[in-house]
Amino acid sequence: MALVPLDASEYSDDWSSLLKAHPIFSSSTDTTQSQKLELSTNSLPDFTQLEPSHDSPLPSRRRQVMVLKDADLIVAIGTEIRVTSLADPKRGRATSKSYKVLHTPNIQFNICQLSINPTGKLLAVAGTFQVAVVVLPRSGFMRLVPSTIDCKSIQVGQYFHASSASAPIAKIEWHPWGDAGSTLMVMTEDGKLREYDISVDPEEPLQVVSFVPDRRRSSKTFNAVDATEREVASFTLGKGKADWGPLTIYAVMKNGDVYAVCPYMPKNASIPSSYIHALECFVAAKQEYLSQSPSSESQSLSTTYAYQHKYISALLKQLPPGTVFPAVSRPVLLHPPTTMKATPLRQGPFLLQPAPLTLDGSEEGDATDILYLAFDKDDEFGDDGETERLGLVLVAFQDGKVDVCLDVDKVEARWESRQSSSTELPMLAVYETIDLGLIVTLSATRPSSLELVRGNSPVFLPDPIHGNTVYVYHAFGVHAIHLHRMLRAFSRRVEDALLTVLRNPTSAEVQQIVSTFSVERKASNPVIAVAVPNDVYLNYSIFILTSSMTVVSFSLNIPVTRAAEEPLAYTSLLGIKPWEPPTGLSSTGLPTTPRHAAPEPKDFRITPDTLRFFSTKVDEIAARAHNVESAYRETNARVELQHEEWQRQTDKLDEIRALVAELRGARQDHTDARARAIRAGQQTLLARLDRVLGEIMKRANPTLSDQETKWFDELSRMREQVLGVGRYDDASLKARVQTLKREYERLLPHLKALSEKERARAKSMQERNQGLGLSQAFQFGQQFNKERTKLEKLQTDLLGLASTLELPLSRPPTLLGS
């Protein structure tokens, strides 16, 4: 789709004119720092060597310094957090380009990662070693006069993340099931995943999950262990509906090993009640299956399922009333069961079958990120059940390799015990190895720039709207990985076995959309942030930010969901399936040729590398032009076929018109007369049916039986006794109840007055007889008890009569001394 630049005062779908030269992306004027943000042979040691005593602003490791909160754009530059609203400029309001600075004096470190919690009220900020949380301002902050907004900021885990011996932070992420969205997970490279509840205690972690075992607990034998085996690169949360997926954490080590811990849930979790019941059914089905096929292996698994049943039973006891299936699902506050004394088992490393491929010319770089994707039948692939259980695990490496694995055997909850076998390792089926082409690009220069791969750190970003698209941004640009064709291949082969799909795989589509590598300078400005708006006021697009503060944006196309195929009565020449434009003409909004986002050099020089680069690009453009020409011929053939089909449909339409004219003539009159005759005959049959039914009822039961006659007589007598014979029957129960009610209402005020008088007389007698003797007081008490007994008997008789007549009465006044 071509983007036409319009006036800034008008509505435009092109974000480039709105974000170009926006002051929110203005960087420091320090030339030395700007040069350091460039990945080259000279700056490579700064990217690879980490100094704990110096918090460097270099875009190494994981970087995400730009996020979107609804229509607000948040950017972190150094230690400063800036925010602006994109809604007003997008609606065409004449507002100047400006931003607000969030005043957070507690943040004195260079910001590397930003993450917004599920409620959109808290912003997690992470540097190389430190973590903080900022309370975001309310909407409408852009209308405030000051350019700086005071915000509350909280330092998180200073004892663990702010000391000189702290481990570098690998990734921060908010747990989607944390209560009130305040559960922050911080993973450090030493394998410790710490859970902080910001609303409870931001200093002490509520839970700590270790993905790296203690060396003291390992074997005493000599093992040549690589350092990257004990360093975590990233982690991700599993997904699922009726299994242990949402309670699973996956972590990838720098050497590429994948581990999992299950079960894990936040200390204060808000979990849908339907998921707990679905998980209970899942475990119960597993136990029932094992009971039907007893074996030595099933006996070892029965212990695991017994632990799982105990875990789920403890969760079910925490569910409040009104959440029992099939009640409507709602979030419920739950806590991890305290009855489980054993800690969850670290499962892995995963067996990757078959072994992933190695890229030609690569030296096997470190793993940098991991992502778990789940696709169910609610997606665009129909209602097939095959994709409902399909989970994908994507692992990215420094050299541009992306392993796409199928989670065919999902992880289940396991706990550390003596019976747990260390030889049973989980498995991931390697479906495809994607090459982003970084090795070829860097090897094309003279001399080769392949060593720059050591400063690369690819990061995944799933598309929030189009779930089967994943963006990978790294030091040399951005790639888009489209998985829709691969997933459609699985959905179309529900009846086939998994091995059949793996033997004939459908590859994912990989498209480079931005390139930041300069062939002339043999350097690159790494991409430090990618954001995709997910707000109703912002159109579907993508924002890309480089380390030189260059912003590249593209307006994307909304994916079209095709309806299910149904058999047609008319056979068309065009076929059953809808026509799809050739790949040379189709567009998702992303550019076919990568956009070059490197800064323009002051003096351009022609070198052999630039000539080779131009030659390669000319060949690519010529190949695309050839593809467009082929697509043009294919489209013309399709147009001719559609013309022929149009002529056939026109002839068929003439036949239908002739048939309709025939039906509207004498044939229609004949049909109407026949319908009227059938309707009259139907009425006659209905009348006859009523007569026959009456005769049958008379023959079966002509008169009432004696019991029925007595029953109806009794009902009539009871009706006369309760309601009376006439309107003025004083002997009826209804009239007597009304009379009793009137008498009670008439006597009640007198009884209240007598009660008050009696209370006053008793009080005065008590005051007067304070000096009475013991015998006199005893005689007076006996007389008083007799009178009180009479009154209580009268009250009891009145209440009994009222309950018998079902007459509501107010409570009589309490007698003195009762």
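Taking the ring axis of Tyr289 as reference, the NZ or CZ atom of Lys286 does not stay both within 45° of it and closer than 6.0 Å to the ring centre.
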**OP:** Applying salt bridge (charged side-chain N to carboxylate O under 4.0 Å, His left out), run through Glu412 and Lys410 and close with a yes or a no.
**Re:** CA-CA 6 Å; Glu412 295 188 5; Lys410 283 199 169 185; over 6 Å; no

Original post:
Is there a side-chain contact (heavy atoms from CB on, under 4.5 Å) between Leu237 and Thr248 once you walk through the steps?
Top reply: CA-CA 6 Å; Leu237 297 176; Thr248 306; over 6 Å; no

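Note: Asp463 CG to His482 NE2 = 9.5 Å, rounded to the nearest 0.5 Å. Here the straight-line distance linking atom CD of Gln64 with atom CG of Leu461 works out to 6.5 Å at 0.5 Å rounding.
Heavy-atom minimum distance, Val65 versus Cys112: CG1-O, 3.6 Å.
Between the side chains of Tyr372 and Asp407, at least one donor-acceptor pair of N or O atoms lies under 3.5 Å. Checked by atom type, the side-chain pair Ser234/Asp369 shows a donor-acceptor distance below 3.5 Å. Side-chain contact annotation: His479 with His474, donor-acceptor N/O pair under 3.5 Å present.
Scanning for ring pair (Phe, Tyr, Trp, His ring centres under 6.0 Å) contacts around Phe543 gives Trp15, with sequence neighbours left out. Scanning for salt bridge (charged side-chain N to carboxylate O under 4.0 Å, His left out) contacts around Glu204 gives an empty result, with sequence neighbours left out. Scanning for salt bridge (charged side-chain N to carboxylate O under 4.0 Å, His left out) contacts around Asp399 gives an empty result, with sequence neighbours left out.
Remark: the backbone N or O of Ser182 is not paired with any side-chain donor or acceptor of Ser199 at under 3.5 angstrom. Proximity of a side-chain donor or acceptor of Arg414 to a complementary backbone N or O of Pro263 within less than 3.5 Å is not detected.
Side-chain contact between Trp177 and Leu247 is present, with heavy atoms from C-beta onward closer than 4.5 Å. The shortest side-chain heavy-atom distance between Thr303 and Tyr305 does not fall under the 4.5 Å cut-off. In this structure, Val459 and Arg63 have side chains that are not in contact, with every pair of non-hydrogen atoms separated by 4.5 Å or more. Here the side chains of Val472 and Phe460 are in contact, with some heavy-atom distance below 4.5 Å.
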Side-chain donor-acceptor pairs of residues 271-280 under 3.5 Å, sequence neighbours excluded:
from   : atom 1 : to     : atom 2 : distance (Å)
Ser273 : OG     : Arg330 : N      : 3.3
Ser274 : OG     : Ser329 : OG     : 2.9
Tyr275 : OH     : Asp243 : O      : 2.7
His277 : NE2    : Thr323 : O      : 2.8

Counting only pairs under 3.5 Å, give me each side-chain donor-acceptor contact of residues 183-192, with atom names and distances, residues two or more places apart or in other chains.
from   : atom 1 : to     : atom 2 : distance (Å)
Thr188 : OG1    : Asp190 : OD1    : 2.3
Thr188 : OG1    : Lys192 : O      : 3.2
Glu189 : OE1    : Lys254 : NZ     : 3.4
Glu189 : OE2    : Arg61  : NH1    : 2.4
Asp190 : OD1    : Lys192 : N      : 3.4

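Residue pairs meeting the ring pair (Phe, Tyr, Trp, His ring centres under 6.0 Å) criterion with at least one member in residues 327-358: none, sequence neighbours excluded.
Ring geometry, His175 versus Tyr264: the interplanar angle falls from 30° to 60°, so the pair is classed tilted.
Using a 4.0 Å cut-off between a side-chain N of Lys or Arg and a carboxylate O of Asp or Glu, Arg485 and Glu509 qualify as a salt bridge.
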